[in-house]
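First the structure, in the form of C-alpha cells, and then the observations on it.
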Amino acid sequence: MMSESDTQTLRQEVRTWLQDNVPSGWRDAMTGVDQESFVQLQREWFGKLSKAGYATPHWPEGWPGGGRSLAEQKVIYEEVARADAPRLIMYFVALYHAACTLMECGTEAQKEKYLPGILNGEIWCQGFSEPNAGSDLASLKTRAERRGDKYIINGQKTWSTMAQYADRCLLLARTDSSGPPQAGQTYLLLDMKSPGVTVVPINQITGDDEFAEIFFDNVEVPVEDLVGEEGQGWAVAQATLASERGLTLVELSQRMRYALPMLAETLKERGLLEDTALRRDLGKVIARVDACCALADQYLLKRISGEEKVGDASMVKLCYAQTLREYTKLGRRISGLQGQFDPDFMRGATQETGNWTLDFMNSYNWSIAGGSNEIQRNIISERVLGMPREPKTWKL
Amino acid sequence: MSELNEYLNELKASARQVMDGEGTAAEEATLWPLTVELGWLLTAVPEELDGLGLGVHGVSMLHTELGRGLAQVPFLAATLAVDALVQSDIDTKAELISRFTTGDAVTAPLADVSTVTLTDTLNGKLSVVPSADTASDVLVCVDDCVVLVKLHQAGVELSARGTWDTTRRLFDVTFSNVVLANQVVLARGDAAVAMIARLQSLRDFALAADCVGAAAGLLDITIEHLNTREQFGRPLALFQALKHRCADMKTLIDAAEALLADSLSRITDEQLAEIDSQLLAKKAKLVACSMFADVSEEALQLHGGIGMASEHPCHLFLKRSMLNEHLGSGNGNYELDIADHFLAQLA
C-alpha cells in the first residue's frame, strides 16, 4: 500500500512531466485535419509517454515503466486527465488488451515475440464484434478452420477501433459450431498485413472514422499465434477484457470535471450568465459530475483493496455514460443555434472539445460501446440486485 | 482510522438491527425513547462531554439507517441543537447537553424559512420545526445570533401543520415579544455566523444521508415486490423493462452515496463551517434529494396499484422524498448556489 507521501511524490513528478510535455494546442491542431496528422500526434505522444514510463504502469515489474500498483496507476490517470493530455486511443488495445492477454494467457514465445513490439508502438485492434454479434458477442460467426499448422479465417468483424492503422488484431473466431455459443471460440493473434485482410473505415455521424470493418478472405494464421487452447477463446477474452476496468472511468470522469469551465465559458460567450434556468442546470450538472467522480473513485479503491463485487464496474460505466449525456446536452442547449453551425470534427478528441454538438454525439460512444447501457443494466439487475435472468427461449 | 471505521461498522450493524426490529416508519412514541436510551444523540458529541466523539461521520451513518426505516423521530433536529450547544462556550453547556441527550427533547427548524427578528425580544415565525410539542426548547438562528428558546413559556405559540409527509410532525413556532435576556444565547457575532454555517452543513449532510438510506430501503422493498408479484404467469422481476429501471435506481443511489462518503472524507468536523464544506454539503444534499425523488417516483409506479394503497409504505417514501427536496433552502437554490460559486471561482 502506498503511503500518502509516496502518492504525493509520484503525483508531483507526473504533474511536472505533463506540464512540460503535453503538446500545447493539440486540440486545435486536430480539428478538421487529415488522418496522417492525427496518427502523427498519437505516435509522438505515445513515444513521449512511453519513454517517460507512463504508458505502461500496469505492466509487471521488469518491463519499462511497469510494476506500478493500482494506486499508483490511479495517480497517473488522474494527472493525465488533469493535464488534459491527448488520450492514447490508437494504442489502447495494444497496451491493455493485447498486453494483458499475452501476459496472462500467452506462451513465453508469444510474449517474447509481441510484447517488445507493443512497447515500440505497434498498433493493435480488436476483432470481436460482428454485424450480427454486438451485445450478443457470443453468437459470433467468423470462422477459423484448422488446416495443418495454420488456421484459415473467413468472415467479418466490425466496430474495430483504429483497425485501419493496426499492425495486428486480437481475433475471436469460431472453430466449432456444435456446442453452446460460448464454446467453440478460439483466440488468435492476426497480422493485419496478411493477404486476404481488407479494412474499410466506417464514417461516423461526427465526421470522424475511428472505427472500421475488417473482412477476412481465407486469411492464414499460423498455429503458434493461438492464445490459450482451441475452443477456450471466450474465457481468454473474458479474462482480459477488464484489464483497465475502473482506471479509464476514473480518468474520463475526471476529464469531465476538469472541462466544466468550458460549460461556463460557453454560457459566458453566449451572454447567458443571467439565465437562471441554465445556471440551475449547470449547478445540477456540476453536482452530478462530482457524484460520478466519487463513484468511479470509490470503485477503484474497492479494486485496490480487493472488495470489488461483480456488477460494480457496470454501475460506474452506466453512471458515466448518463452523466456525460446530460453534460454534453447542457452544453448543446447553451450553445443554442450557434452550436448547429461549423460541423468541424476533432480527431481522437473523444469528449469535451467545447464543440458541444460534436461532444453530445460522441457521448453515444460511451452508452453503446464496451457493453451498452442496456447490457450494463442487465448485469446490474441480475448480478447486483439478484433479479432473475432473462429466459433463454422465446417464440412468436 | 481503520479502528474508527470498524467501530462505525459495528454501530451501523446494531442500528440496522434496531431499525429492522422496529419496522418501517416506526412510531415516534416508541422509537424516540429508544433512540435516547441507545445514546444515539451522543454520537457526535465529543468524548470530553461524555459523547462518543464519532463526529459527522458517525451521525451520518445513523441518519442513513434512520432514513432507511423512515424513522418518525426528530433525530436530525435534536442533533443540530445539541451540536450548537457543543460549539458554544456557555457555562451550562455540559449540563444542557446531558439534559438534551438523555431526557428532555430539543428541536430545531429544518428549513431556512424563518421570519424571526431579534432585538431585545424575539418576534416572528419559525417554520418546519419537528415535534415541537414534545420538545422543551428550540434552537433559533437569526442573522448573527444563535439562541436556545424555551417552547413552553409566555409569548410562544405552537401550531401543528398538517403535512403530506406523515413521518415528520412539523410545527410553526410563533414568538411574540419573547424576552431575549430570559433565553440561553449560544453565540453572537462572528462565532454565531460560523455556527450557523456549520449547522447548515450538518443539516445538508444529514438530509443527504436520510435520502440515501431511505432510497436504498425503498429499492429493496420494490425488488421484493417485483420478485414475488406474478402477472402473465411469471414474476414481474423477469421483465427487462422493469429490471432496467431498478438498475438505474441502484446506480443513482450508489452515486449519491459515493458522493456523500467522498465529501465527508474530504473534511474534518472542525472545517464544517468553511465555505468549501458548505458547498460539499450542498452538492451531497442536492444529488441525494433529487435521487431519492427519482427513486420514489419510480418505486410507486413499479408497485402498481398496491403502491396507491395507504397501507403500503411506498407512499411514505414518496412523501418524505418530496419534503426532503424542499428542506434546507430547497434544491433549486442549491443548484444556483453551486453554479454561482463555480462561476465566481472562474472569474
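Each chain gets a letter, A, B and so on, in the order the sequences are listed, and its residues count up from 1. Side chains included, hydrogens not; waters and symmetry mates left out as well; all remaining heavy atoms used.
The choice from A:Leu282, A:Ile379, A:Leu263, A:Asp312 that makes the most heavy-atom pairs within less than 4.5 Å of chain B is A:Leu282. Highest contact tally toward chain A, considering only B:Asp340, B:Asp248, B:Ile338, is held by B:Asp248 [criterion: heavy-atom pairs under 4.5 Å]. Of all the listed residues (A:Arg389, A:Lys284, A:Arg279), the one sharing the greatest number of non-hydrogen pairs under 4.5 Å with chain B is A:Arg279.
Contact between A:Ile286 and B:Ala339 at its shortest, heavy atoms only, is CD1-CA, 4.2 Å. Across all their heavy atoms, B:Val287 and A:Ala291 have their closest contact at CG1-CB, 4.1 Å. Looking at every heavy atom in both residues, B:Phe342 comes nearest to A:Pro261 through CZ-N, 3.6 Å. In terms of heavy atoms, B:Lys250 sits closest to A:Leu385 at CD-CD2, 3.8 Å. When all heavy atoms of A:Ala264 and B:Leu343 are compared, the pair lying nearest together is CB-CD2, 3.5 Å.
Taking CG of B:Leu346 as the reference point, atom CE of A:Met262 lies at 12.0 Å (rounded to 0.5 Å). Separation of atoms CD1 (A:Ile380) and OG1 (B:Thr251) is listed at 3.5 Å; rounding is to 0.5 Å. B:Asp254 CG to A:Leu318 CG: the interatomic distance, rounded to the nearest 0.5 Å, is 11.0 Å. In this structure, CG on B:Leu286 lies 9.5 Å from CZ on A:Arg280, to the nearest 0.5 angstrom. Separation of atoms CD (B:Gln345) and CG (A:Leu260) is listed at 11.5 Å; rounding is to 0.5 Å. Atom-to-atom distance recorded for B:Lys243:NZ and A:Arg377:CZ is 13.0 Å, nearest 0.5 angstrom.
A:Glu374 touches chain B through backbone and side chain together, each having a heavy atom under 4.5 Å away. Both the backbone and the side chain of A:Thr276 have a heavy atom closer than 4.5 Å to some heavy atom of chain B. Residue A:Val384 touches chain B through its side chain alone, counting heavy-atom pairs closer than 4.5 Å. Interface residue B:Leu219: only side-chain heavy atoms are found under 4.5 Å from chain A. Contact of B:Leu226 with chain A is made through the side chain alone, with heavy-atom distances under 4.5 Å.
In summary, the side chains of A:Gln298 and B:Asp262 do not present any donor paired with an acceptor at a separation below 3.5 Å, with no hydrogens or angles considered. A donor atom on one side chain and an acceptor atom on the other are not found under 3.5 Å apart for A:Asn373 and B:His244.
Shown here is B:Lys319, whose NZ atom has more than 12 heavy atoms of other residues, nucleotides or ligands within 6.0 Å. Around the CD atom of A:Gln19, the shell of radius 6.0 Å holds more than 12 heavy atoms that belong to other residues, nucleotides or ligands. Within 6.0 Å of CD in B:Glu224 there are 12 or fewer heavy atoms belonging to other residues, nucleotides or ligands. More than 12 heavy-atom neighbours from other residues, nucleotides or ligands sit within 6.0 angstrom of CG on A:Asp275. Around CZ of A:Arg15, the count of heavy atoms belonging to other residues, nucleotides or ligands within 6.0 Å exceeds 12. Annotation for A:Glu390: atom CD counts as buried by contact number, over 12 foreign heavy atoms lying within 6.0 Å.
For the side-chain hydrogen bond (donor to acceptor under 3.5 Å, both in side chains) condition, the pairs that include at least one residue of residues 281-302 of chain B, sequence neighbours left out, are A:Asp290-B:Lys283, B:Arg245-B:Glu298, B:Lys282-B:Asp337, B:Lys285-B:Asn331, B:Ser296-B:Ser321.
By the ring-ring contact (aromatic ring centres under 6.0 Å, His included) test, A:Tyr327 is found to be paired with A:Trp356, residues two or more places apart in sequence or in another chain being considered.
When side chains are defined from C-beta on, B:Leu252 does not count as touching A:Cys319, because their heavy atoms never get closer than 4.5 Å.
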